[in-house]
Structure formats: C-alpha cells, structure tokens
Protein chains: 2
Amino acid sequence: MDLKQARGSRRTASKKRNKHPANGVTGAQSIHRAAGLLRAITFRGRDGARLVDVARQCGLERPTVHRILKCLVAEGMVTQDPGTRRYFLGHLVFELGLAAAPQFNMQQLFEPALLRLAERTGDTVYLSMRSGLDCVCMDRKEGAFPIKTLTLDVGTRRPLGVGAGGIALLMTLADEEVREIVAANAWRIAGYGSLRAPVVLDLIKRSQALGFALNDRQLTPGAISVGLPVMNPYGAPYAAIGIGAIASRMSAERLQQLAALLKSEVRALERVVVAGKARA
Amino acid sequence: MDLKQARGSRRTASKKRNKHPANGVTGAQSIHRAAGLLRAITFRGRDGARLVDVARQCGLERPTVHRILKCLVAEGMVTQDPGTRRYFLGHLVFELGLAAAPQFNMQQLFEPALLRLAERTGDTVYLSMRSGLDCVCMDRKEGAFPIKTLTLDVGTRRPLGVGAGGIALLMTLADEEVREIVAANAWRIAGYGSLRAPVVLDLIKRSQALGFALNDRQLTPGAISVGLPVMNPYGAPYAAIGIGAIASRMSAERLQQLAALLKSEVRALERVVVAGKARA
DNA sequence: ATATATAGTTCCATATTATGGATCTAAAAC
DNA sequence: GTTTTAGATCCATAATATGGAACTATATAT
C-alpha cells in the first residue's frame with residue numbers, strides 16, 4: 001500500500017487552481033468569493049439568483065457556493081425564498097448600505113435633473129455609475145407616458161458595455177482601454193441574448209460618431225435607450241444618464257431631441273460637480 | 001511504517017476544533033468574521049473605526065483583522081482614510097444596499113409619521129430597527145428648533161438596550177428574554193460611558209412603568225430621548241420611533257406630551273401595517 | 001405516468017487557506 | 001528627547017474551506 005496514492009482525487013483536480021490569484025490580497029480567498037457572490041446576486045435584479053446562476057457567474061463549484069451562501073444567509077446578508085429557492089440580498093446589506101450612504105449617495109445631486117428629464121420626455125430616466133467592470137443602476141425615474149419601459153431595477157449590476165448607460169460610460173475612454181474592458185467582460189456580455197463583445201465595440205463606435213450612446217439592440221425586445229456620460233473635472237466618466245422608451249417613440253428625430261436634452265442637463269451637472277464631490 | 005503517523009502535527013492538534021462555533025455554519029469562519037467587521041465599522045457611526053476598535057469589538061487579533069480589512073478594501077466594501085487610517089464602509093456596500101432596498105426599505109411607510117413628529121415637536125425624530133442583537137438607526141428627521149441633537153447617524157448600530165430606541169425595542173419583551181439579550185450585550189454596553197448592563201435593566205423597568213422608553217442617562221451629555229416600539233400584528237416589536245432633544249426641553253410634562261404624540265402615531269402605523277408588510 | 005435531466009444539498013478526506021505570535025515600523029503621547 | 005500605542009508584515013503550521021462523489025428534490029421531456 002502506497003500512502004501517496006490515496007484516491008488522488010484532490011491532487012489531480014488541482015490542475016488550475018488559483019487561476020484567479022484572489023484579488024491581490026492573500027489569506028482572504030473566501031471573503032473575495034463571498035463578495036463575488038453578493039455581486040453576482042445583483043446581476044439578476046429583482047428576480048433573485050439561483051444557486052447555479054451564481055456558481056456559473058463566479059466560476060465556482062456548487063457545493064462551495066452553497067456553503068458560502070448558507071453562511072451569508074445566517075449573517076443576514078442574503079435571503080432565500082423558501083418556495084423558489086432563489087437568493088436575494090438580505091436586511092444586513094440594506095442596513096450597511098444606509099451607513100455607507102452619506103459618502104456615496106449621489107441622489108441629491110442628480111435627482112432634480114432626472115426628474116426634469118422624466119417630466120419633459122415622459123419616458124423612463126436612469127442613473128448609472130461605474131463600479132469596477134460593472135455598471136450599476138443607481139436611480140430611476142418614471143415619466144408620464146403610460147407604457148413604461150422598466151427594464152432595469154435600481155441596484156442591478158451589468159457588465160460595462162451593456163445598455164445605453166454601459167455604453168455611455170465607455171464611449172469617451174481611449175480605444176485601448178475600451179477594448180480591454182470589453183474583452184474582460186466578453187463572457188458575461190454573451191449572457192445577454194444575442195449580444196456579443198464585437199457587437200458592443202460596434203455600438204460604442206457608432207455612439208462615438210453620433211455623440212450619444214444609442215442602444216437599439218433591444219436587450220428587452222421593443223425597448224430602445226439613449227445615454228450620455230457625466231464627466232468629473234479630470235475628464236473621466238463616472239456616471240451616465242439614460243432615457244429608455246418603446247421603439248415606436250424613438251424615431252431618428254426624437255433621438256436627437258433626447259440627446260440634446262440630455263446634453264444640456266449633463267453640462268449643468270458637470271458645472272456643479274467640483275473636484276471634491278466627484279467619485280474617482 | 002505506519003501511515004497514520006506522517007508528521008502527526010495536524011492530527012494531534014485537532015483536540016479542540018471549533019473553539020469558535022462560527023455562526024452555526026461550518027466552513028465559512030472568515031466570512032462570518034468579515035460580516036462582523038462590517039457591522040463593527042458601523043458602531044462608530046460617521047467617524048469611522050480604527051483597526052484596534054474593530055479588533056476589540058470582534059474579539060480578533062490585529063493581524064487577522066488587518067488582513068480581512070485589506071481584502072474588503074480591495075473589494076470596495078471598505079474604504080480607508082489615508083490620513084487618519086480609519087475605516088469606513090465602501091461604495092460596493094452602498095451599491096448592494098440599493099439592490100436590497102426594495103425589500104427592506106421601510107422609509108415610505110414611516111416617513112410621513114417621522115416628518116409630522118419632527119414638525120410638531122421641533123426636535124429630532126429617529127427610526128430604529130432591530131437587527132439581531134443590535135439596534136440600527138434607519139432614518140432621522142430634524143425639527144425646527146435651532147439646537148439640534150444629532151446624536152445618532154443613520155446606519156449606526158448600537159447594542160439593543162442603548163438609547164431610547166434600544167430600550168423601546170426591549171421594553172415589551174418578556175423579562176427572561178430581556179435579561180438574555182442584555183446579558184449578551186453587556187460587554188458592549190459597557191463601552192458607552194458609565195452605562196452598564198444593570199443600569200439598562202433598570203431603565204427598561206422604569207420605561208415599562210412609565211409606558212414609554214425614557215433615556216435620560218445622557219449618553220451624549222445634555223441630551224434626553226423618548227421612544228416607543230412599533231409592534232407587528234403578532235405583537236413583536238420590530239421598530240422604534242424616538243424623539244431626542246436637549247435636557248432643558250424635556251420637562252416631566254413635555255415628556256408626557258411627546259409620549260402621547262408618539263403613541264398616536266405608532267397606533268396609526270400599527271393599523272396600516274398588515275401581516276405581510278411587517279418584518280419578522 | 002415514467003424517464004431523463006437539471007438543480008439543490010450533504011458528506012468528508014485532506015490540500016489549501018487563514019491564523020496569530022513575534023516582530024518591525026510609524027505615529028501619538030508624554 | 002523617550003515612551004506608549006497603533007498599524008503593518010512575516011511565516012510556520014493549525015485549522016479551515018474545498019470540491020468530488022453521492023444523494024435527493026424538482027423540472028422537463030417522452
């Protein structure tokens with residue numbers, strides 16, 4: 001009997017472990033993973049996420065994800081619907097968010113502009129911000145038009161490049177940087193219907209030519225959206241404002257009108273935002 | 001050669017595994033700890049927390065806390081002020097909070113009552129909720145009186161039993177349960193000036209006799225606060241509304257007036273809250 | 001209704017991770 | 001200046017977290 005043998009399951013499987021070198025910090029792998037799970041849960045928006053979705057999204061095995069989620073549920077950071085078994089963020093996350101709000105809540109700054117746009121256009125107005133390689137929906141205001149395109153919930157994360165906001169946040173960056181970001185997000189972008197990384201690059205190119213982000217790929221069939229980035233005083237885009245409506249309301253002329261409206265609001269915002277207020 | 005031997009270091013040492021029983025979930029100790037750190041950061045409110053504070057609060061060694069915090073910073077869940085080295089919650093926590101908000105945000109429900117109270121009294125009105133053994137400040141509205149007692153920031157956590165809200169959340173529970181909770185929080189309660197667990201028990205007893213929570217221990221010298229719990233349809237307290245002001249505004253008669261005002265608002269709220277809406 | 005596929009969960013040997021004592025550096029306090 | 005306290009780093013190894021295998025529950029196809 002050789003003691004080295006021992007059903008060598010673990011050994012053989014370590015083919016490419018550590019493929020992600022954590023996040024640069026050693027001795028905290030599982031925390032890195034837990035943070036990834038929390039983010040992954042918000043990809044699905046209000047519907048919640050299933051175990052497999054999260055596992056696939058994070059590139060982890062199901063038992064691992066299950067164990068970490070169980071712990072997060074015990075902590076109150078995650079809730080699980082007993083019926084559907086789907087996972088949602090929990091009360092602790094909301095409570096902690098309140099404590100973080102004073103530093104990161106841009107609502108006060110953007111709300112008047114969003115409300116004006118919603119009122120003047122009748123459509124749905126979105127505020128998005130960049131967070132790493134993601135684009136997070138930070139606020140949403142509905143206009144009066146009775147057919148409302150509520151395609152994106154507040155708090156939902158999507159890969160940069162997806163949606164008008166995600167395009168807007170990239171369209172002013174250098175080509176090189178855009179390519180890197182889109183490449184890094186490519187596999188996630190492929191999760192949005194027929195959208196693919198090269199398509200995103202094309203959309204960005206066209207948006208640059210137009211002067212505003214245009215998303216007519218209809219991630220949600222029948223919906224089209226326009227967007228513009230908001231720059232900080234150093235010229236870096238840190239937020240985006242978008243307007244979404246059903247395709248029939250988005251004629252070529254109206255797109256131009258909306259873009260003009262957006263542009264004037266964005267200009268006003270950029271004048272207000274002084275260096276100290278803008279997020280890196 | 002016996003294969004069991006093999007440098008027997010690990011085997012022999014497994015004498016007292018699980019010396020910390022985590023949180024009931026095995027295989028996720030460091031996530032449990034990370035969640036504890038995040039909570040600990042919110043104990044200090046807007047000032048942020050120092051490494052030692054967090055370590056003491058969580059009962060962990062400084063290197064452990066340092067490593068976990070470094071990871072949380074890399075994830076964007078925590079920020080560190082480069083000057084003071086104090087830790088704050090990061091942008092990711094706020095973003096995740098937005099995604100959790102639809103399920104846990106009670107603002108809409110309570111805001112009108114808070115605003116009415118702030119207007120009619122001129123003082124500062126607080127909304128608190130229970131979270132495990134903590135009491136979390138969920139909202140705050142300022143009245144018109146020019147000397148404002150802003151003793152508690154939104155998002156700040158305190159041990160149940162501390163402050164008018166923390167007393168209110170306990171005053172309707174069975175004595176046995178109160179004793180257990182206060183005992184569990186005793187060491188943390190001792191971190192609030194001269195406050196001690198027995199004092200808290202006395203405050204609760206007096207509040208029960210008065211019919212409203214009264215905190216005149218002046219955690220913040222010069223400030224006194226009153227509070228009442230809000231019960232869910234099953235008779236369990238799940239929130240508390242409090243009013244704080246400087247001591248000179250808190251005569252015996254005025255306390256009674258404030259309690260009466262609180263009571264009528266709380267009654268109205270309890271009528272509105274149907275089973276489905278109330279938090280467990 | 002039955003078969004098949006997919007998702008969720010539990011178990012556990014052990015490889016990998018996370019721990020914390022010791023140590024060093026930096027910043028307050030005296 | 002000296003002392004004290006806080007923050008950060010190192011690393012041997014104790015203890016945790018991992019994931020393959022196996023099983024159950026649920027959804028989908030036949």
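Here the structure is a predicted model, which is why all the values come from computation and not from measurement. Residue numbers start from 1 in every chain, and the chains themselves are labelled A, B, ... in the order their sequence lines are given, proteins ahead of strands. Just the heavy atoms: all of them, side chains too, but no hydrogens, waters or symmetry mates, feed the values below.
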(request) Measure from CZ on B:R67 to P on D:dA8 and round the result to the nearest Å. (result) 14 Å
(request) Rounding to 10 degrees, work out the angle separating the end axes of the helix from C:dA1-D:dT30 to C:dC30-D:dG1 (five pairs an end). (result) 50°
(message) Atom CZ of residue position B:R67 - does it have more than 12 heavy atoms of other residues, nucleotides or ligands inside 6.0 Å?
(response) yes
(request) Inspect the contact between B:E75 and A:R39 and indicate whether a charged nitrogen and a carboxylate oxygen are less than 4.0 angstrom apart. (result) yes
(message) Rounded to whole Å, please give me the gap between CG in B:L69 and C1' in C:dG20.
(response) 15 Å
(request) Grab the two heavy atoms, one from A:G161 and one from A:I167, that are nearest each other, plus how far apart they are. (result) O-CG1, 3.5 Å
(message) I'd like to know if the side chain of B:D153 and the backbone of B:R46 have a donor-acceptor N/O pair within less than 3.5 Å.
(response) yes
(request) Search all heavy atoms of A:T151 against all heavy atoms of A:Y126 and return the closest pair with its distance. (result) N-OH, 3.1 Å
(message) Looking at A:T64, I'd like to know whether one of its side-chain N or O atoms comes within less than 4.0 Å of OP1 or OP2 on D:dT18.
(response) no
(request) Give the rounded distance in Å between these two atoms: NE2 of A:H32 and C1' of D:dA17. (result) 15 Å
(message) Testing the basics here: between B:C135 and B:G165, what is the closest heavy-atom pair and its distance to 0.1 Å?
(response) SG-C, 4.1 Å
(request) Would you give a per-nucleotide map of nucleotides 6-11 of chain C, 5' to 3', where B means the base has a protein non-hydrogen atom under 4.0 Å away, S means only the sugar-phosphate does, and - means neither? (result) -SBBB-
(message) If you count heavy atoms of other groups shown closer than 6.0 angstrom to CZ of B:R140, is the number above 12?
(response) yes
(message) Rounded to whole Å, please give me the gap between CD in A:E61 and C1' in D:dG19.
(response) 6 Å
(request) State, to 0.1 Å, how close A:A197 and A:I189 come at their nearest heavy-atom pair, and which atoms those are. (result) N-CG2, 4.0 Å
(message) Looking at B:D53 and B:R50, is there a salt bridge between them, counting it only when a charged N and a carboxylate O are closer than 4.0 Å?
(response) yes
(message) Considering every strand and a 4.0 Å limit on heavy-atom distances, what is the contact class for A:S30: base, sugar-phosphate, or nothing?
(response) sugar-phosphate
(message) Would you say A:Q29 places a side-chain N or O within less than 4.0 Å of OP1 or OP2 belonging to D:dT18?
(response) yes
(request) Would you mind reading off the distance between B:L60 atom CG and C:dT19 atom P, rounded to a whole angstrom? (result) 8 Å
(request) Taking only the side-chain nitrogens and oxygens of B:R33, find out if one of them lies under 4.0 Å from OP1 or OP2 of C:dT19. (result) yes
